[in-house]
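Heads up, the thing below is written out as structure tokens.
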Number of protein chains: 2
Amino acid sequence: MTDRPATNPSKAHAIVTEVRRRIVEREWRQGDRIPDEVELAVEFGVARATVNKALQLLAEEGLLDRKRRAGTHVTVNPARKATLTIPIVREQIEGAGMAYSHRIIAQKHGPAPADIASRMAEAEGTMMIHLRTVHYGDDKPFQVEDRWINPKAAPGAEHVDFQRINPNEWLVRNFPWLRGDIAFSAENADARDARLLETRQGTALLILQRTTWNDQGAITSVRLAFHPGYSMVASP
Amino acid sequence: MTDRPATNPSKAHAIVTEVRRRIVEREWRQGDRIPDEVELAVEFGVARATVNKALQLLAEEGLLDRKRRAGTHVTVNPARKATLTIPIVREQIEGAGMAYSHRIIAQKHGPAPADIASRMAEAEGTMMIHLRTVHYGDDKPFQVEDRWINPKAAPGAEHVDFQRINPNEWLVRNFPWLRGDIAFSAENADARDARLLETRQGTALLILQRTTWNDQGAITSVRLAFHPGYSMVASP
DNA sequence: ATGCTGATTAAGTTTAGACATAGAACGAAG
DNA sequence: CTTCGTTCTATGTCTAAACTTAATCAGCAT
């Protein structure tokens, strides 16, 4: 059961809550045009800017549609949004009260295969660093990481001792990104996944595939395979 | 490859972009304290409120940490956020250029089993509506939906013809929610999943489990199993 | 050293007012 | 009836100023 953040006592937040209530209790129904900012400002006894802030929050949430001149309407088929927080693996494991450790299974320097290169918008065969890492919580495998790092966008990676600091953490600390692609899927564990995650081949695994970019190009592309049964929670 | 929304020409957005650049190009490094709002307002030639808006956006994004009196710092281990948009299935399928159809496999009124009841914070055995639906795109199974609806929070569900309007759409249109829980996981298809999705038992499936609530309690709890190979994309 | 207290500071929020602009509505011309 | 300007309006954005508040810091007392 998720609880609403924490009661923010601001006037804008009170308006958000009240408008949400009117929508949920169907005082204002889907498609209805709601009073304009000036009217609401009068009703709530606040400045227009405050109403504007509140309604913009609700529009972001997907509950309202706002258009200049046309006014603000209750969204007809709200496609609601959920936010996923993707923390550093170590913090995620430690946050769950487990002891973190990791092992580098393989590390080499070599040409990127076609699929990786295309995902990273680099020429096939571009030299990159390839790493396979397992992250453990209380010595049980938590996540298998298969990562390609582009030295062009992340210089210095060649000389890092990834036994000391895991690749995820080193990159997060040293290469903030401008944009990234993230996708989730499910895959049956292949022989290697199964061995590293200490499970049986064919077990369903949650897979997260992510590529991040900075001004120099793609920094890294990674495939994360979580241990069987892992569930990723999103907050609405 | 994801592109940044659309260039918003506002001053606040220009500041967001510039601050992001300074962080990405490591002019400002992790842990650094950045100039305060007044200084930045002078530097950029705008009002403090405009700087405030920009920095709040970056704080939400996870790139900055802001504390009263302590100032604004570049986040040390940024746990970046990704947003998932969860549209109506029909719109998702039609948006992909396929023809939408659905089939109700089972519909009955009965007592909720323990796990569902607890997820919905209702007493075990509470009478609910149980539905199993398959959603198709171009007559290929896209998603299997296993849903429990709580008539207490969603009155009227007993008399709806779900062959005409699918349960997802009817609920979204009639019962906006206040909060919800969403979780992703991977499961091996059981015999029923496999049959409905026209795949082999054991195939890895992406599972989305969601429960939504309004002021009357839990509206509905649903398990969505996507077709094999489905990938859900998040936007950062 | 340790703990308390009050001053100070930077962010948080709100306000009133102004101007910009998308786009709906309307009317004139074809 | 359609098309093309024009007008008008609700939202978008910004400003300058004020007040609020969390939290740090320094000074004082223990």
Side-chain angles (χ1 to χ4, degrees), chain A residues 4-20 22-23 28-76 78 81, chain B residues 4-20 22-23 28-76 78 81:
Chain A
R4 201 140 285 298
T7 26
N8 177 336
S10 73
K11 295 189 190 184
H13 189 265
I15 295 171
V16 166
T17 304
E18 170 60 13
V19 170
R20 213 183 340 238
R22 290 186 190 178
I23 294 172
W28 290 343
R29 300 164 156 263
Q30 295 198 12
D32 283 3
R33 175 167 177 180
I34 76 170
D36 69 34
E37 295 186 349
V38 176
E39 286 177 70
L40 290 174
V42 172
E43 182 193 335
F44 293 118
V46 300
R48 181 170 81 92
T50 306
V51 173
N52 180 275
K53 191 175 174 183
L55 298 188
Q56 287 205 7
L57 284 168
L58 287 160
E60 243 177 76
E61 209 176 289
L63 231 43
L64 295 178
D65 272 336
R66 324 191 69 213
K67 270 209 295 252
R68 278 166 157 142
R69 162 78 215 222
T72 299
H73 292 255
V74 179
T75 304
V76 173
K81 291 173 179 103
Chain B
R4 202 139 285 296
T7 24
N8 177 337
S10 73
K11 295 189 188 182
H13 190 264
I15 296 172
V16 166
T17 305
E18 170 60 13
V19 171
R20 215 184 339 239
R22 291 186 189 177
I23 294 171
W28 291 342
R29 299 163 157 263
Q30 295 199 13
D32 284 3
R33 175 167 176 177
I34 76 170
D36 69 32
E37 295 187 348
V38 177
E39 288 177 67
L40 291 175
V42 172
E43 183 192 336
F44 293 118
V46 300
R48 181 168 80 92
T50 306
V51 173
N52 180 275
K53 192 176 173 182
L55 297 189
Q56 287 204 7
L57 284 169
L58 288 160
E60 244 176 76
E61 209 176 289
L63 230 44
L64 295 178
D65 272 336
R66 323 191 70 212
K67 270 207 296 251
R68 279 170 155 137
R69 163 78 215 225
T72 299
H73 292 256
V74 179
T75 304
V76 174
K81 291 174 179 103

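Side chains included, hydrogens not; waters and symmetry mates left out as well; all remaining heavy atoms used.
Among the protein residues, B:Val46 comes within range of the sugar-phosphate backbone only, with heavy atoms under 4.0 Å from sugar or phosphate atoms but none that close to a base. Note on B:Arg66: only backbone sugar-phosphate atoms sit closer than 4.0 angstrom, heavy atoms only; bases stay farther off.
Extent of DNA chain C lying under 4.0 Å from chain A heavy atoms, first and last nucleotide in 5' to 3' order, is C:dT13 to C:dA25. In summary, contact between chain B and DNA chain D, defined as any nucleotide atom under 4.0 Å from a heavy atom of the protein, begins and ends at D:dT13 to D:dC25 in the 5' to 3' direction.
If A:Ser10 and A:Arg48 are placed on DNA chain C by their nearest nucleotide, the residue sitting closer to the 5' end is A:Ser10. Between B:Ala49 and B:Ile34, the residue whose closest nucleotide on DNA chain C is further toward the 5' end is B:Ile34. Nearest-nucleotide mapping onto DNA chain D: of A:Arg69 and A:Gln56, the residue sitting toward the 5' end is A:Arg69.
The backbone N or O of A:Val38 lies less than 3.5 Å from a partner atom in the side chain of A:Asp36, making a donor-acceptor pair. Remark: the backbone N or O of A:Val46 is not paired with any side-chain donor or acceptor of A:Thr50 at under 3.5 angstrom.
Looking at residues two or more places apart in sequence or on another chain, you find a side chain to side chain donor-acceptor pair (under 3.5 Å) between A:Glu43 and A:Arg22.
Contact of the A:Thr75 side chain with the A:Ile23 side chain is not registered, since no non-hydrogen atoms from C-beta on lie closer than 4.5 Å. Residues B:Arg20 and B:Glu61 have side chains in contact (heavy-atom distance under 4.5 Å, counting atoms from C-beta outward). Within the 4.5 Å cutoff, no side-chain heavy atoms of B:Thr72 are placed close to those of B:Asp65.
A salt bridge links A:Arg66 to A:Glu37: at least one charged side-chain nitrogen sits closer than 4.0 Å to a carboxylate oxygen.
Across all non-hydrogen atoms, the minimal contact from B:Lys81 to B:Glu60 is NZ-O, 3.4 Å.
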